[in-house]
Asker: 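I have a structure here, written as structure tokens, and I will follow up with some questions on it.
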Protein chains: 2
Amino acid sequence: MQTTQMLKGIIDGCILSIIQEGEVYGYELASKLDDYGFESFSEGTIYPILIRLQKDKLIQSTLKKSTAGPKRKYYSLTEKGEGELASFHMRWNQLSNTVNQILHKGE
Amino acid sequence: MQTTQMLKGIIDGCILSIIQEGEVYGYELASKLDDYGFESFSEGTIYPILIRLQKDKLIQSTLKKSTAGPKRKYYSLTEKGEGELASFHMRWNQLSNTVNQILHKGE
DNA sequence: GAGTATACCTTGTTTTACAAGATAGCTAAC
DNA sequence: GTTAGCTATCTTGTAAAACAAGGTATACTC
């Protein structure tokens with residue numbers, strides 16, 4: 001049981017939340033997640049999630065020139081994505097309350 | 001993306017925590033988790049996890065007679081399990097801080 | 001034109017969550 | 001004594017997720 005194995009599904013919500021703050025592209029997202037403390041997210045994790053989120057119509061993308069390197073694919077939230085993010089907020093609150101209750105029962 | 005899909009790996013820690021409070025058997029654990037708010041954990045989820053935790057030597061079991069029905073397999077934490085639980089506490093705190101930071105960035 | 005950094009994507013493996021169903025013990029009622 | 005119902009555990013099979021590893025391509029600098 002490692003840190004990263006706890007995150008399944010939660011990353012989706014975090015990614016949606018970061019995208020909501022402003023358009024980002026995958027490569028940038030990887031370093032943002034790293035800054036936040038998610039150290040173990042390689043691009044092999046992030047790109048498939050972005051593709052899945054777009055397939056589910058939660059995010060949309062536009063290509064823009066990079067200052068150095070190939071074109072960047074910038075993502076932004078769709079309306080459906082905003083709804084999903086709001087729903088994730090509630091699920092996360094409930095989850096974290098439940099887990100905290102279990103972990104701190106005896107205190 | 002449903003509630004239960006966020007829980008991967010976290011349930012392990014919650015189960016360890018509940019077992020630490022006192023010996024429990026699988027069937028009882030299912031209803032305890034339900035009481036705490038994890039509504040969607042069937043026995044098909046819980047028993048395989050118990051088996052895995054025991055295989056990893058984090059918990060140990062003893063059979064005891066039931067008042068009604070077949071014998072119950074009571075689980076308790078091993079020393080290794082207590083270490084893992086402590087480690088889970090830290091991982092959970094870090095995770096929940098990180099996620100809360102991301103979700104409440106703009107507030 | 002070689003090297004380096006940027007940027008994206010794919011493949012294959014392992015683990016997880018879970019639904020569904022199999023198995024079996026005990027008690028009570030009939 | 002057998003049926004019904006609750007208790008209790010376990011197995012099988014499926015789908016999805018996380019990830020490591022590797023592949024491809026663009027642009028800048030020297």
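Note that these values count all heavy atoms, side chains included, but never hydrogens, waters or copies made by symmetry. In what follows, every chain begins at residue 1, and chains take the letters A, B, ... in the order their sequences are listed.
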Asker: Would you tabulate the side-chain donor-acceptor contacts of residues 49-58 of chain A under 3.5 Å, counting partners in other chains and residues two or more places apart, or write 'none'?
Answerer:
unit_1  : atom_1 : unit_2  : atom_2 : d
A:Arg52 : NH2    : A:Asp12 : OD1    : 3.1
A:Arg52 : NH2    : A:Asp12 : OD2    : 2.3
A:Gln54 : NE2    : A:Ser61 : OG     : 2.9

Asker: Under the side chain to side chain donor-acceptor pair (under 3.5 Å) test, which residues partner B:Asn100, sequence neighbours left out?
Answerer: A:Trp92

Asker: Rounded to whole angstroms, how far apart are CD1 on A:Ile51 and P on D:dA16?
Answerer: 16 Å

Asker: Rounding to a whole Å, what distance do you find between A:Glu28:CD and C:dT6:C1'?
Answerer: 12 Å

Asker: Could you state the atom-to-atom distance from CG of B:Leu95 to P of D:dA18 in whole Å?
Answerer: 12 Å

Asker: Using a 4.0 Å heavy-atom cut-off, write out nucleotides 20-30 of chain C from 5' to 3' as B (base contacted by protein), S (sugar-phosphate only) or - (no contact).
Answerer: B----BSS---

Asker: Report yes if some heavy atom in the side chain of A:Leu77 is under 4.5 Å from a heavy atom in the side chain of A:Glu23; otherwise report no.
Answerer: no

Asker: Respond yes when some side-chain nitrogen or oxygen of B:Arg72 is under 4.0 Å from OP1 or OP2 of D:dT7, and no when none is.
Answerer: no

Asker: Under 4.0 Å: is that the gap between some side-chain N or O of A:Tyr25 and OP1 or OP2 of C:dC8?
Answerer: no

Asker: Round to the nearest Å and state the distance from B:Tyr27 atom OH to D:dT9 atom P.
Answerer: 9 Å

Asker: Answer yes or no: is there a side-chain heavy-atom contact under 4.5 Å between B:Ile59 and B:Ser76?
Answerer: no

Asker: Tell me the interatomic distance from A:Lys73, atom NZ, to D:dT26, atom C1', rounded to whole angstroms.
Answerer: 15 Å

Asker: Atom CD1 of A:Ile46 to atom P of C:dA7: distance rounded to whole Å?
Answerer: 14 Å

Asker: Using the ring pair (Phe, Tyr, Trp, His ring centres under 6.0 Å) rule, collect all pairs that involve residues 9-32 of chain B, keeping only residues at least two apart or in two chains.
Answerer: B:Tyr25-B:Tyr74

Asker: Separation of A:Asp12 atom CG from D:dA16 atom C1', in whole Å?
Answerer: 11 Å

Asker: Among C:dT10, C:dA7, D:dA18, find the nucleotide with the atom closest to the side chain of A:Ile49.
Answerer: D:dA18

Asker: Does C:dC8 have OP1 or OP2 sitting under 4.0 Å from an N or O in the side chain of A:Tyr47?
Answerer: yes

Asker: Just the rounded figure in Å: distance from P of C:dC8 to NZ of A:Lys64.
Answerer: 13 Å

Asker: Could you tell me which residues satisfy salt bridge (Lys or Arg N to Asp or Glu O under 4.0 Å) with B:Lys32, sequence neighbours excluded, listed by chain and number?
Answerer: none

Asker: Tell me the ring pair (Phe, Tyr, Trp, His ring centres under 6.0 Å) pairs involving residues 48-69 of chain B, sequence neighbours left out?
Answerer: none

